[in-house]
Amino acid sequence: MLAPHQTYDELRERFAWHVPHRLNMGVQVLDTPASLWPDAAAVIDGATGDVHTFAALADEVARLCGALQALGARSGDRVAVVAPQGPRTLVVHAA
């Protein structure tokens, strides 16, 4: 909720992300939840209604990481994603 003396624009101007110097998105959004709630729904595909669990997505991320490494990709390399938003795109981003 906005404080009475602050406008949205003032809050937006002061906003800053506090992201650690080293952050692994895959760990944050998949590995940790997968270890705590492996069978919980992580993503529901709006187009198909398919439910993807944390464990299933984490497994797909691990497999894609292995495939990218086999192709020569290393930590810090950039990999382009040309795909519509959806569960598979999440897998690529997390990998």
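Keep in mind that what you see is a predicted model, and the values were worked out from it rather than measured.
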State, to 0.1 Å, how close [X] and [Y] come at their nearest heavy-atom pair, and which atoms those are.
X     : Y     : value
Val81 : Thr89 : CG1-CG2, 4.0 Å
Val43 : Pro87 : CG1-CG, 3.8 Å
Cys65 : Ala95 : SG-O, 3.4 Å
Val61 : Ala94 : CG2-CB, 3.7 Å
Phe54 : Ala41 : CE1-O, 3.9 Å
Gly72 : Asp77 : O-OD2, 4.0 Å

Interatomic distance, Leu64 atom CG to Leu57 atom CG [nearest 0.5 angstrom]:
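Rounded to the nearest 0.5 Å, the CG-CG separation comes out at 12.0 Å.
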For the NE2 atom of His52 and the CG atom of Asp59, what is their distance to the nearest 0.5 Å?
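Answer rounded to 0.5 Å: 13.0 Å.
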Side-chain heavy atoms of Val92 within contact of Arg88, under 4.5 Å:
no
Can you list the other members of the hydrophobic cluster that holds Trp37, where links are side-chain heavy atoms under 4.5 angstrom apart?
Leu36
Please determine whether residues Leu90 and Ile44 belong to a single hydrophobic cluster, defined as Ile, Leu, Val, Met, Phe, Trp and Tyr linked transitively by side-chain heavy-atom distances below 4.5 Å.
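Result: no, two separate clusters.
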